[in-house]
2 protein chains.
Amino acid sequence: MQKTASQVPGLHRASLRKLHELDGALELMYYGWRGMTLEADAYLATVGLSRPHHRILYVVARRPDISIGELIEVLGISKQALNRPLALLLERKLVAAKRSPEQHRSKLLRLTAAGQKIEQSASNHERKVLRDAFAHVGAPGAAAWMAVMGAIADNS
Amino acid sequence: MQKTASQVPGLHRASLRKLHELDGALELMYYGWRGMTLEADAYLATVGLSRPHHRILYVVARRPDISIGELIEVLGISKQALNRPLALLLERKLVAAKRSPEQHRSKLLRLTAAGQKIEQSASNHERKVLRDAFAHVGAPGAAAWMAVMGAIADNS
DNA sequence: TCCTCACGTCAACATAGTTGACGTGAGAAT
DNA sequence: ATTCTCACGTCAACTATGTTGACGTGAGGA
């Protein structure tokens, strides 16, 4: 047992000197991301999965019969990177692949019932964090948050 | 050359069916995080560094003479995980370690001039994204964003 | 003087990503 | 009809970032 510090799972926000006006916002983004995914990751670990598996489950849930190629595009990773986590999901029958009868050039992916259950549980953890946060600021605050995040996301 | 899709660096937001009310917010958080760090990561890559190095530089810049133990606590990673990236920063003389004269139980870390320059450049990329996004919504929107992110971050 | 234990380091391993190489089969070109 | 091409998916090898475990060292208390 060698963790004098950081036995806190949630990594309380550190107090750092602010060198720039926006440092606070910067740190909020960092800790916000961690805060949202913390419980979901812990849940996923209990079922032997992790973040990349969840991302796959999330997308497949919302695009049934998606092909591997499309999945790669949506996730923004290489097809080789997709291979291992997806193989695990298939092996554990959380995702089912069928080749369409006449067109068997690509595989079509779907969640099994078990896969759906895990996807929903994990995503629920994340949505709960957001729901609670939005409750603090009401609908206008939530709308403003969405607007800012949209602007940040669309930067590129 | 084998990337028919995803040659777009910025990974445009995918259009996924929304199964829950908060799915949009969930995805915004994901793409927002990516959006903020995208340019900074690209810059860091040009100088042979990456995200963990930047996090170290960021913290050390705001806590000069921090010890390794404190740094571990702030970053929320294990001291072994810190070891390799920090060793690189020391080797490249972006961070300097001095042992205090009488108390040489712990090392005190500081950025060198070169380290400061890189930290500022990388952080500037991230702050710029935030600044632009905030400009879209004005001060009240920014305040609401901060409030929501604070609530999300403090979840734990 | 000795014990303890925080500090920091090294070694071994897991996981998630990368690039490269390649088999296979659909569809186009000839 | 035959051949070419090339997208699709898979496998192998490698890199990077993290984990846990083991351990040397020296400060400070007993």
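Naming convention: chains lettered A, B, ... in sequence-line order (proteins, then strands); numbering from 1 in each chain. All values derive from a computational prediction rather than experimental measurement.
- One can place NZ of A/K79 at 9 Å from P of D/dA7, the figure rounded to the nearest angstrom.
- For A/D41, the side-chain contact (heavy atoms from CB on, under 4.5 Å) test picks out A/T37, A/L44, A/R51, with sequence neighbours left out.
- A/I68 has its CD1 atom 17 Å from the P atom of C/dT24, to the nearest Å.
- For residues 34-80 of chain B, the set of pairs meeting the ring-ring contact (aromatic ring centres under 6.0 Å, His included) definition, not counting sequence neighbours, comprises B/Y43-B/H125.
- Between the CG atom of B/D41 and the C1' atom of C/dT18 there is a distance of 15 Å, rounded to whole Å.
- Exactly one residue among A/I56, A/L108, A/L71 makes a side-chain contact (heavy atoms from CB on, under 4.5 Å) with A/I66. That residue is A/L71.
- For C/dT18, the OP1/OP2 oxygens have a side-chain nitrogen or oxygen of A/S78 closer than 4.0 Å.
- Atom CG of A/L88 is separated from atom C1' of C/dT15 by 12 Å (rounded to the nearest Å).
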Indicate every side-chain donor-acceptor pair of residues 86-97 of chain B with a distance under 3.5 Å to a residue at least two apart or in another chain.
from  : atom 1 : to    : atom 2 : distance (Å)
B/R92 : NH1    : B/V47 : O      : 3.2
B/R92 : NH2    : B/V47 : O      : 2.8

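- In this view, B/A61 and A/L19, B/L111, B/E119 satisfy the side-chain contact (heavy atoms from CB on, under 4.5 Å) rule, not counting sequence neighbours.
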What N/O pairs connect the protein and nucleotides 14-17 of chain D at under 3.5 Å? Give each pair on its own line.
from   : atom 1 : to    : atom 2 : distance (Å)
D/dT17 : OP1    : B/S50 : OG     : 2.2

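- As rounded to whole Å, 9 Å separates atom P of D/dG18 from atom CG of B/L82.
- Side-chain N/O atoms of B/K107 include one lying less than 4.0 angstrom from OP1 or OP2 on C/dT9.
- At a cut-off of 3.5 angstrom, the base of D/dG21 holds at least one donor-acceptor pair with the side chain of B/Q80.
- As a whole-Å value, the separation of A/N83 CG from C/dT19 P is 15 Å.
- One atom, CG of A/L109, and another, P of D/dC8, lie 13 Å apart when rounded to the nearest Å.
- In terms of the side-chain contact (heavy atoms from CB on, under 4.5 Å) criterion, residue partners of A/H20 (sequence neighbours excluded) are, by chain and number, A/D23, B/R62, B/R127.
- Protein atom CD1 of B/I72 is 9 Å distant from nucleotide atom P of C/dC7, rounded to whole Å.
- Ring planes of A/F134 and A/W145: perpendicular class, angle over 60° (limits at 30 and 60°).
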